[in-house]
Amino acid sequence: MTDTYNPQEIEARWQAKWEADRLYRSAVDPKQVKYYALTMLPYPSGDLHMGHWYAMSPSDARARYMRMKGYNVLFPIGFDAFGLPAENAAIKRKIHPKKWTYANIENMTRQLKSMGAMFDWERVAVSSDPEYYKWTQWFFVQFFKNGLAYKKMSPVDFCPTCNTTLAREQVWGDDRHCERCQTPVIKKNLDQWFFKITQYADDLLDFSQIEWPERVVAMQTNWIGRSEGAHVVFTTEHGDELPVFTTRPDTLWGATFMVMAPEHPLVASITTPEQKAAVDAYVTEAARASDIEREAAEREKTGVFTGAYAINPVNDERIPIWVADYVLMTYGSGAIMAVPAHDERDFAFARKYELEVRVVIQPDGEKLDGASMAEAFPGAGKMVNSGQFDGTPATEEKGLANPAVKAVTEWLERQGRGHYAVNYRLRDWLISRQRYWGAPIPMITCPECGIVPVPDDQLPVLLPDDIEFTPTGESPLKLHPTWKTVPCPQCGRPAERETDTMDTFMCSSWYQYRYLSPQCDTAPFDPEEGSYWLPVDQYTGGIEHATMHLMYTRFFTRAMRDCGVFANIKPMNPKVQPASMFNEPMTRLYNQGMILGEDGEKMSKSRGNVIDPDNLVAQYGTDTVRCYMMSAFKWDQGGPWNSMGIKGSVRLLNDMWAIVTAPKPAPGQVDDKDMWALRRKTHQTIKRVRDDIESFSFNTALAAVTELKNLMQKAQKTPLAATPAWDEAVRTMLLLMAPFTPHITEELWARIGGPYSIHQQQWPIYDPAIAAEEEITLPVQINGKVRDRITVPADTDEETIKALALDLEKVKGLLEGKPPKKVIVIPGRLVSIVV
RNA sequence: GCCGGAGUGGAGGAACGGAAGACUCGAUGGUCUCAAAAACCAUUGCCCCCUAAAGGCGUGUGGGUUCGAAUCCCACCUCCGGCACCA
């Protein structure tokens with residue numbers, strides 16, 4: 001048993017055995033407590049990269065740990081297999097997207113298996129399989145039937161490179177670029193399908209049922225952008241209603257003009273003949289300018305007077321109506337009341353065009369004057385110039401929590417001039433994509449019956465295989481000679497299929513359910529499986545999905561709930577299946593960081609800083625790569641790759657191998673102290689590794705095992721290595737390392753005669769009595785500085801410690817015979833003397 | 001501007017308000033070797049010093065609370081991420 005560590009041989013052998021034994025097959029077992037651990041599913045781009053390893057191997061280690069803790073763990077994997085790269089490959093290299101995708105899946109499955117993770121390979125779900133997308137389409141129809149899906153002609157974001165529209169969430173950055181390909185998007189007016197995610201805005205703002213990182217909660221909250229205020233109806237002199245949304249109804253008396261967005265439908269009709277030329281020119285110019293130009297915050301405001309006037313409903317004042325592009329048609333009603341004294345933007349506009357600035361909130365201690373003030377005052381004060389509301393305090397609080405807002409809103413409601421209102425930044429989810437490689441939208445347009453969903457028994461609407469790609473990138477579904485022509489399901493007359501496919505985020509919004517029973521053909525998932533496994537207990541993945549996938553999937557679960565999809569799900573173990581399981585798909589979320597190239601930049605082929613995991617596995621073995629992923633970084637932060645750093649993991653595993661396989665020394669005299677020191681370290685390590693894995697602190701868990709290993713290494717050739725304490729240490733070290741490095745530990749476990757499989761063993765039990773220190777060294781501080789230390793038995797009482805400390809030569813010297821002012825003894829911690 | 005997060009040795013990173021720098025990499029010196037690699041041993045925050053002892057200084061900056069602060073509070077600075085003419 002002195003052969004050297006040969007990871008490649010060991011890993012292949014155990015992987016084969018595990019697979020043959022179905023060691024990682026997870027099945028419903030009501031007698032056992034379930035644990036659903038989930039890592040974000042990969043897109044089959046061709047090869048597994050370092051990022052996949054970094055995301056998945058710690059996630060796997062934790063799932064393995066939970067299994068050893070006694071949970072029935074489900075840790076599935078699959079592929080988010082629809083998407084544009086497959087089509088790009090088809091156009092560029094004349095490979096059919098299906099062929100390209102499934103070849104990649106095959107290759108990546110091999111790579112994933114090389115990771116040695118505890119994935120249940122019998123639950124693999126692939127979103128481009130007809131068995132899968134049948135149910136993606138079924139959900140679409142359900143949503144349509146429940147009023148959650150609608151088709152609408154509207155100006156939408158279009159990526160000219162990807163040749164498709166995008167959801168608002170998929171447009172990023174100041175230059176409004178495509179999240180996938182970085183190309184700035186353009187606006188197009190198209191007839192598109194939307195999901196009513198806005199209907200769930202408030203529901204989605206409720207994070208009380210989930211333990212998600214504050215960062216994600218903040219990002220989603222930001223994204224939804226809820227603001228409270230009032231809906232107030234202004235009218236033009238000619239009686240046209242001009243409703244506005246304002247968060248500051250308490251400043252209504254300070255409205256000295258109104259502004260409409262250039263796209264506002266009433267602009268043309270209210271403009272007076274004298275102003276028509278100027279307004280037309282302005283509107284035309286605004287339409288030509290891109291959103292990026294228009295939305296640049298630093299840009300100077302421009303606008304044109306329409307010649308028309310509105311009546312302020314609170315005081316019947318006549319105020320001018322302007323058109324300006326700083327007002328957006330997409331938010332609120334596309335028109336605002338302008339209160340220059342208390343709003344920065346209105347102030348800038350008013351000064352430029354010499355419009356009245358009237359103060360209606362006076363702060364304490366200074367006197368604002370509309371004519372002379374240099375900037376708007378958005379702060380707190382008392383209402384003035386506001387009729388019966390004068391003197392009402394206006395605070396910094398938002399919405400009805402602000403007494404001035406509350407008083408005015410209630411009065412508006414009583415008067416019928418307005419009402420409480422909430423506005424959101426969130427837009428409905430645009431899911432139409434003008435692409436081939438996606439799930440076809442299962443809708444048919446009939447000239448007689450209108451829009452008709454494909455009946456359930458005709459699902460899935462299959463993608464045709466006989467397609468042709470043109471270099472223009474136009475969807476082959478549109479160009480297909482016959483595919484889109486079908487009889488209307490209602491009247492049987494010739495009708496036309498929807499040729500758009502669905503946003504692939506739709507597929508990934510419900511994959512955690514499909515994993516439960518990927519073969520199920522009577523429902524999206526088997527009710528028994530759902531009743532046992534739901535919800536996902538622990539989800540892990542990247543932060544980049546905060547306002548896309550992670551928001552969509554929360555919406556999706558709620559929509560499923562409201563469509564009755566969970567009607568036959570009865571939690572088998574309500575203790576671990578919170579009532580929130582029908583609202584929230586994932587109870588806990590943890591975001592890992594990103595692994596960068598050695599140069600500190602994002603890994604990319606063009607930079608040439610890509611580290612290939614296949615090569616590393618070939619060179620060092622899977623266990624070493626896994627170990628390095630988990631020891632060298634804080635998981636939530638990630639960081640640059642260091643090709644030297646992996647040596648640390650190589651040494652750890654070699655040392656572990658050597659310690660376990662070394663011949664035992666002859667028994668002999670063993671110092672009791674040494675024996676207890678080893679047992680103490682062993683038990684302290686159990687606790688540290690346990691606590692660290694639970695808190696995702698994999699690096700410190702491995703550091704703790706390394707400390708144990710270092711201690712054992714020193715004792716390896718002494719008679720201590722022939723004692724039961726040593727055997728306990730060896731067993732413990734292997735069990736603690738099993739989640740991190742599953743193959744080497746399985747091999748060594750077998751060699752020391754442990755029962756197969758180490759991965760089915762119970763997590764070692766930590767005994768606090770053994771872990772407790774017998775002797776402790778206490779630092780002795782004088783005025784907060786450590787001057788000496790004393791070593792005493794752990795149970796020494798305070799008085800004795802105090803006496804010992806004061807008797808120290810060094811302390812006596814520093815006290816110079818004077819009595820100390822104060823002596824603080826913290827048992828087990830330190831002695832602090834104040835002079 | 002608003003909302004999150006982060007600033008600790010040469011690098012990654014440890015530290016329930018109680019010994020700053022665990023563990024790892026790197027570096028330096030040594031052992032082994034014809035040599036190199038590997039392995040092993042030792043040193044490794046900075047200043048002072050031949051060395052050591054003994055000091056002093058050190059967790060982005062400046063204050064504060066405390067016997068005691070990387071950690072708590074206040075005010076800043078820098079970097080990263082999200083949102084932003086959103087009424």
Side-chain angles (χ1 to χ4, degrees), chain A residues 172-174 213-227 229 244-248 251 258-259 261 294-301 324-328 330-339 342-346 348-349 378 423-426 543-544 546-547 591 593 600 627-628 631-634 636-652 654-655 658 688 692 697 699-707 709-710 713 777-789 810 820-826 828-835:
Chain A
W172 286 16
D174 288 344
E214 205 187 330
R215 192 161 43 140
V216 177
V217 170
M219 283 168 80
Q220 293 198 356
T221 304
N222 250 341
W223 187 260
I224 294 167
R226 180 182 201 272
S227 39
V244 300
F245 172 75
T246 174
T247 54
R248 294 295 304 276
T251 63
M258 290 190 77
V259 187
R294 281 184 55 178
E295 289 177 14
E298 304 308 319
R299 184 164 160 265
E300 197 179 339
K301 293 183 177 37
D325 67 4
Y326 80 91
V327 172
L328 310 175
T330 48
Y331 186 82
S333 65
I336 61 159
M337 66 169 196
V339 184
H342 306 291
D343 180 282
E344 268 177 63
R345 298 150 300 177
D346 298 344
F349 194 80
N423 235 295
Y424 302 92
R425 211 184 71 87
L426 182 69
I543 185 74
E544 66 275 14
T547 55
N591 297 112
C627 187
Y628 180 55
S631 64
F633 310 88
K634 297 209 239 195
D636 58 339
Q637 286 195 337
W641 180 263
N642 179 344
S643 49
M644 297 305 255
I646 197 166
K647 283 193 192 170
S649 301
V650 172
R651 285 183 191 135
L652 172 62
N654 279 329
D655 291 349
R688 284 178 63 186
D692 289 346
S697 186
N699 56 341
T700 52
L702 285 164
V705 178
T706 306
E707 282 182 43
K709 179 227 72 180
N710 287 346
Q713 218 169 7
T777 300
L778 301 176
V780 178
Q781 293 187 344
I782 295 175
N783 288 345
K785 296 220 185 295
V786 178
R787 297 298 175 174
D788 208 346
R789 343 195 116 95
K810 218 173 246 172
K821 218 188 244 171
K822 202 170 169 187
V823 180
I824 298 160
V825 178
I826 313 288
R829 282 285 175 201
L830 53 38
V831 183
S832 184
I833 299 167
V834 189
V835 182

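All figures in this text were calculated on a predicted structure; none of them were measured in a lab. Here is how names work: the chains are called A, B, and so on, in the same order as the sequence lines, proteins then strands, and each is numbered from 1.
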Quick check for you: to the nearest 0.5 Å, what is the distance between A/Leu426 atom CG and A/Arg226 atom CZ?
12.5 Å
Determine, for nucleotides 37-42 of chain B in 5'-to-3' order, which nucleotides have protein heavy atoms under 4.0 Å from the base (write B), from only the sugar-phosphate (write S), or from neither (write -).
-SSS--
Between P on B/C85 and CG on A/Leu328, what's the gap in Å once rounded to a whole number?
7 Å
Taking B/G7 as the reference, what is the distance to B/G12 when you measure between their P atoms (whole Å, please)?
11 Å
Could you tell me whether A/Gly638 contacts a base, only the sugar-phosphate backbone, or nothing, with contacts defined as non-hydrogen atoms closer than 4.0 Å?
sugar-phosphate
Of the candidates B/A14, B/A87, B/G56, the side chain of A/Thr246 sits closest to B/A87
Nearest-Å distance, CZ (A/Arg787) to P (B/G68)?
14 Å
With syn defined as a glycosidic angle within 90 degrees of 0 and anti as anything else, the base of B/G9 is syn
Distance between P atoms of B/G58 and B/C47 (Å, rounded)
15 Å
Contacts of A/Asp692 meeting salt bridge (Lys or Arg N to Asp or Glu O under 4.0 Å) (sequence neighbours excluded), chain-then-number -> none
Under the ring pair (Phe, Tyr, Trp, His ring centres under 6.0 Å) test, which residues partner A/Phe245, sequence neighbours left out?
none
Please state whether the phosphate of B/U24, meaning OP1 or OP2, lies under 4.0 angstrom from any side-chain nitrogen or oxygen of A/Ser649.
no
Partner residues of A/Ser649 under the side-chain contact (heavy atoms from CB on, under 4.5 Å) criterion, sequence neighbours left out:
A/Thr624, A/Cys627, A/Tyr628, A/Ser631
Name every donor-acceptor pair, under 3.5 Å, that has one atom in a side chain of residues 639-647 of chain A and the other anywhere in the protein, sequence neighbours excluded.
{"unit_1": "A/Asn642", "atom_1": "OD1", "unit_2": "A/Met644", "atom_2": "N", "d": "2.9"}
{"unit_1": "A/Asn642", "atom_1": "OD1", "unit_2": "A/Gly645", "atom_2": "N", "d": "3.3"}
{"unit_1": "A/Ser643", "atom_1": "OG", "unit_2": "A/Glu598", "atom_2": "OE1", "d": "3.3"}
{"unit_1": "A/Ser643", "atom_1": "OG", "unit_2": "A/Glu598", "atom_2": "OE2", "d": "2.9"}

Whole Å only: how far is the CZ atom of A/Phe633 from the P atom of B/A11?
16 Å
Determine the interatomic distance between P on B/U33 and the same-named atom on B/A19; round to the nearest Å.
45 Å
Nearest heavy-atom pair of A/Met219 and A/Thr547: which atoms, and what distance?
O-CG2, 3.6 Å
Please name all residues satisfying salt bridge (Lys or Arg N to Asp or Glu O under 4.0 Å) with A/Asp343, sequence neighbours left out, ordered by chain then number.
A/Arg345
Within this structure, what is the NZ-CG distance for the pair A/Lys709 and A/Asp655, rounded to the nearest 0.5 Å?
4.0 Å
Between B/G13 and B/A22, how far is it from one C1' atom to the other, in whole Å?
10 Å
Let me have a per-nucleotide readout for nucleotides 1-8 of chain B, 5' to 3', with B, S or -, counting only protein heavy atoms under 4.0 Å.
--SSSS--
Let me know, please, whether A/Met219 or A/Pro640 comes out on the 5' side of the other along RNA chain B by nearest nucleotide.
A/Pro640
What is the distance from atom NZ of A/Lys822 to atom CG of A/Asn783, rounded to the nearest 0.5 Å?
12.0 Å
Just call it for A/Val339: base, sugar-phosphate, or nothing, with non-hydrogen atoms closer than 4.0 Å on any strand.
nothing
Can you tabulate the close N/O pairs, meaning under 3.5 Å, that link protein atoms to atoms of nucleotides 17-21 of chain B?
{"unit_1": "B/G18", "atom_1": "N2", "unit_2": "A/Gln781", "atom_2": "OE1", "d": "3.3"}
{"unit_1": "B/A19", "atom_1": "N1", "unit_2": "A/Arg789", "atom_2": "NE", "d": "3.4"}
{"unit_1": "B/A19", "atom_1": "N3", "unit_2": "A/Arg789", "atom_2": "NE", "d": "2.9"}
{"unit_1": "B/A19", "atom_1": "N3", "unit_2": "A/Arg789", "atom_2": "NH2", "d": "2.8"}

Can you tell me how far P of B/A22 sits from CG of A/Asn710, to the nearest Å?
12 Å
On a plain distance test, is the side chain of A/Lys822 in donor-acceptor contact with the base of B/C67 below 3.5 Å?
no
A/Leu426 CG to B/C83 C1', in whole Å, measures 13 Å
Whole angstrom is fine here: how far is it from CH2 in A/Trp223 over to P in B/G82?
11 Å
By ring pair (Phe, Tyr, Trp, His ring centres under 6.0 Å), A/Tyr326 pairs with (sequence neighbours left out) A/Phe349
Nearest to the side chain of A/Arg425, which nucleotide is it out of B/A87, B/C83, B/C85?
B/C83
Between B/G4 and B/A75, how far apart are the two P atoms, rounded to whole Å?
14 Å
Nearest 0.5 Å please: distance from the CD1 atom of A/Ile833 over to the NZ atom of A/Lys821.
14.0 Å
Round to the nearest Å and state the distance from A/Arg688 atom CZ to B/A22 atom C1'.
7 Å
At what distance, to the nearest 0.5 angstrom, does NZ of A/Lys634 lie from OG1 of A/Thr700?
10.0 Å
Is a donor on one side and an acceptor on the other found under 3.5 Å between the side chain of A/Asp346 and the backbone of A/Val339?
yes
Secondary structure string for RNA chain B (Watson-Crick or G-U under 3.5 angstrom, | for other-strand pairs):
(((((((..(((.....[....)))((((((.......))))))(((.......)))..(((((..]....))))))))))))....
Find which nucleotide of RNA chain B each of A/Met644 and A/Ala703 is nearest to by heavy atoms, and output the residue with the more 5' nucleotide.
A/Ala703
Give one of base, sugar-phosphate or nothing for A/Arg226, where a contact means two heavy atoms less than 4.0 Å apart.
nothing
Quote, to the nearest angstrom, the C1' distance that separates B/G82 from B/C86.
16 Å
Distance between the C1' atoms of B/C80 and B/G26, in whole angstroms?
27 Å
side-chain hydrogen bond (donor to acceptor under 3.5 Å, both in side chains) involving A/Thr777 - partner list, sequence neighbours excluded:
A/Thr791
Distance, nearest 0.5 Å, that separates CG of A/Asn699 from CD of A/Gln637
10.0 Å
Go through B/A87, B/C86, B/U24 for me and flag the one nearest to the A/Arg345 side chain.
B/C86
Going by side-chain contact (heavy atoms from CB on, under 4.5 Å), name the residues that satisfy it together with A/Gln220, two or more places apart in sequence or in a different chain.
A/Phe207, A/Trp212, A/Val216, A/Leu550, A/Met551, A/Arg554
N or O in side chain of A/Asn642 less than 4.0 angstrom from B/G26 OP1/OP2
no
P spacing across the pair B/G21 / B/G9, given as an integer number of angstrom
14 Å
Can you check the A/Asp174 CG to B/C85 C1' distance for me, whole Å?
13 Å
